[in-house]
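Shown next, in structure tokens, is the structure this report addresses.
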There are 2 protein chains.
Amino acid sequence: MTMPSHDGLPGVDLRAVLFTIHDGSLLVALTEGEVGARLPRGVPSLTDPLDASARQIVRTATAVHEQYLEQLYTLSVREPAPWTIVVSYMALVSTTSGGSLDGREGLWHNAAEVPPLSETDRMVVDYALLRLRAKLGYTNVAFHLLPPTFTLTELQSAYETILSRPLDKRNFRRRVIASGILEQTADKRREGSHRPATIYRFRPEADGETYLTPPWAEGA
Amino acid sequence: MTMPSHDGLPGVDLRAVLFTIHDGSLLVALTEGEVGARLPRGVPSLTDPLDASARQIVRTATAVHEQYLEQLYTLSVREPAPWTIVVSYMALVSTTSGGSLDGREGLWHNAAEVPPLSETDRMVVDYALLRLRAKLGYTNVAFHLLPPTFTLTELQSAYETILSRPLDKRNFRRRVIASGILEQTADKRREGSHRPATIYRFRPEADGETYLTPPWAEGA
DNA sequence: TCAAAAGTGTTCCTTCTACACCCATGT
DNA sequence: ACATGGGTGTAGAAGGAACACTTTTGA
């Protein structure tokens with residue numbers, strides 16, 4: 001239970017919205033608290049910067065170390081009284097190659113049908129999804145949800161899952177190739193009785209600017 | 001002097017970057033601290049939400065009540081030790097019709113040549129300017145820097161001041177009219193020996209969405 | 001030879017950019 | 001009549017959306 005500070009300052013609480021993609025669904029990590037599902041949370045460490053504390057919360061919830069992390073917004077809520085400052089983050093964890101959920105199936109919930117949450121948690125989840133969708137349009141965040149190598153069809157279906165709407169195959173490929181963010185590998189993925197797909201890799205050095213996140217924020 | 005909390009939580013500090021436009025220059029409000037110029041700052045009140053405290057800081061610095069306020073980012077800094085959480089805001093205060101600076105000329109500094117600031121303050125100012133410029137492109141924030149009525153030339157020169165680059169008159173007018181955000185008044189401004197300018201008013205109900213600011217943030 | 005996903009171009013339309021002259025007024 | 005800022009249109013370029021068939025493979 002987070003307690004407010006007692007020397008005249010409000011307490012500070014961190015919450016993280018963790019997204020991953022699994023089997024064509026966008027999933028959100030929720031822990032089971034005393035009063036139902038909640039976002040992974042914690043208080044900032046006194047020895048580390050805020051981002052490091054947020055990353056630690058993600059690690060604790062998922063046992064995954066490398067993540068994309070982005071600060072969302074800071075809000076003040078009346079609970080616990082009198083006021084608590086909640087700094088919210090969004091984290092993206094990439095689909096593991098195997099596709100298993102690390103045996104933590106209870107943690108992940110379909111983003112389209114989250115269980116009842118506190119008012120604050122629900123707002124933060126909704127906002128995270130809004131930001132994630134908006135960011136697909138002008139950044140390359142989607143790569144952080146995919147394994148290191150992937151096919152264009154896989155990339156497209158990640159986009160479609162997040163936006164929950166179909167995209168045109170030719171337009172999608174033209175744009176993503178033109179952006180210069182992809183690098184073809186020599187490998188092909190041959191699975192199933194059909195033409196094998198070219199495998200691509202993300203080129204981090206071609207990762208564009210964001211305008212949303214300040215220059216000093218450390219990305220992944 | 002902001003002190004850290006003593007019960008294991010970091011202290012919280014608010015800083016506001018106040019912009020206004022005056023005589024074709026973009027100005028930033030800076031107070032004179034013991035160690036040179038600083039951003040207006042304060043600690044969050046225990047009885048009000050964060051935004052209200054930020055607004056109070058702006059009021060104290062400028063004696064202006066109605067402002068556009070937008071949260072920028074929350075960062076953690078090592079000073080004062082061990083860590084302080086700094087929640088930063090950007091506020092826009094509108095040019096007063098008279099064009100005077102309310103007798104607080106010492107407060108306002110040209111944004112193009114701010115005096116030396118602390119590392120944190122400088123980062124926050126730079127980021128605020130980045131955000132303000134980016135937002136000109138897809139929102140109507142500029143109206144918050146203008147008096148309630150204005151001519152298209154005044155609006156354009158506000159844009160040019162912020163972007164510090166000239167804009168094409170015809171393209172600018174076409175876009176801003178097409179956006180539907182303006183409402184013509186019956187008045188004309190006749191000043192100087194030339195054709196009088198049509199006066200426009202901002203239509204708040206046509207104010208578009210932001211995507212940057214969460215839905216629950218209260219705008220102006 | 002069939003089923004299944006991979007891969008590939010063109011047309012249309014909308015939007016952005018560049019650019020120059022006439023208008024209404026005060027002195 | 002002239003100086004001053006207000007106001008207007010068009011053509012070319014670029015970018016986004018819609019749309020269907022051929023290719024390569026495994027079974």
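Sequence lines set the chain letters: A, B, ... in the order given, protein chains first and strands last, and positions in each chain run from 1.
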Spacing between B:Arg189 atom CZ and C:dA24 atom C1', to the nearest angstrom: 17 Å
Separation of atom CG in A:Leu152 from atom P in C:dG7, rounded to whole Å: 6 Å
Under 3.5 Å side-chain donor-acceptor pair for A:Ser164 and A:Arg133: yes
Residue A:His194, side-chain heavy atoms: nucleotide from D:dT8, C:dT17, D:dT25 that is nearest: D:dT25
Spacing of A:Glu191 atom CD relative to C:dA6 atom C1', expressed in whole Å: 12 Å
A:Arg131 side chain to A:Met90 backbone, donor-acceptor under 3.5 Å: no
Whole-Å gap separating P (D:dG15) and OH (A:Tyr138): 20 Å
Short side-chain N/O contact from A:Arg173 to OP1 or OP2 of C:dG7, under 4.0 Å: yes
Nearest-neighbour nucleotide for the B:Arg174 side chain, C:dT25, C:dA18, D:dG7 considered: C:dA18
Nucleotide nearest A:Lys169 when distance is taken to its side chain, options C:dT8, D:dG16, D:dT8: C:dT8
Out of D:dA18, C:dT8, C:dT17, whichever nucleotide has its closest atom nearest the side chain of A:Asn171: D:dA18
Short side-chain N/O contact to C:dG7 OP1/OP2 from A:Thr198, under 4.0 Å: yes
Between C1' of D:dG6 and CD of B:Glu154, the distance in whole Å: 12 Å
Salt bridge (charged side-chain N to carboxylate O under 4.0 Å, His left out) evaluation trace for A:Asp187 with A:Arg189: CA-CA 7 Å; A:Asp187 297 338; A:Arg189 175 165 310 164; over 6 Å; no
Distance test, side-chain N/O of B:Thr153 to OP1/OP2 of D:dG5, below 4.0 Å: no
Closest to the A:Arg195 side chain, choosing from D:dA18, D:dT8, C:dA6: C:dA6
Interatomic distance where NZ belongs to B:Lys188 and C1' belongs to D:dG6 [whole Å]: 9 Å
A:Arg175 or A:Gly192, whichever maps to the more 5' nucleotide of DNA chain D: A:Arg175
5' precedence on DNA chain D between A:Pro196 and A:Arg170 (nearest-nucleotide basis): A:Arg170
Whether B:Phe143 and B:Phe150 hold their rings parallel, tilted or perpendicular, with breakpoints at 30° and 60°: tilted
D:dG5 to C:dC19 separation - P atoms, rounded to the nearest Å: 23 Å
Distance in angstrom units between A:Asp168 CG and D:dA20 P, rounded: 11 Å
Out of C:dT8, D:dA3, D:dT10, whichever nucleotide has its closest atom nearest the side chain of B:Ser193: D:dA3
Protein-nucleotide distance (A:Leu163, atom CG; D:dA17, atom P), rounded to Å: 12 Å
Under 3.5 Å: donor-acceptor pair, side chain of A:Thr20, backbone of A:Leu27: no
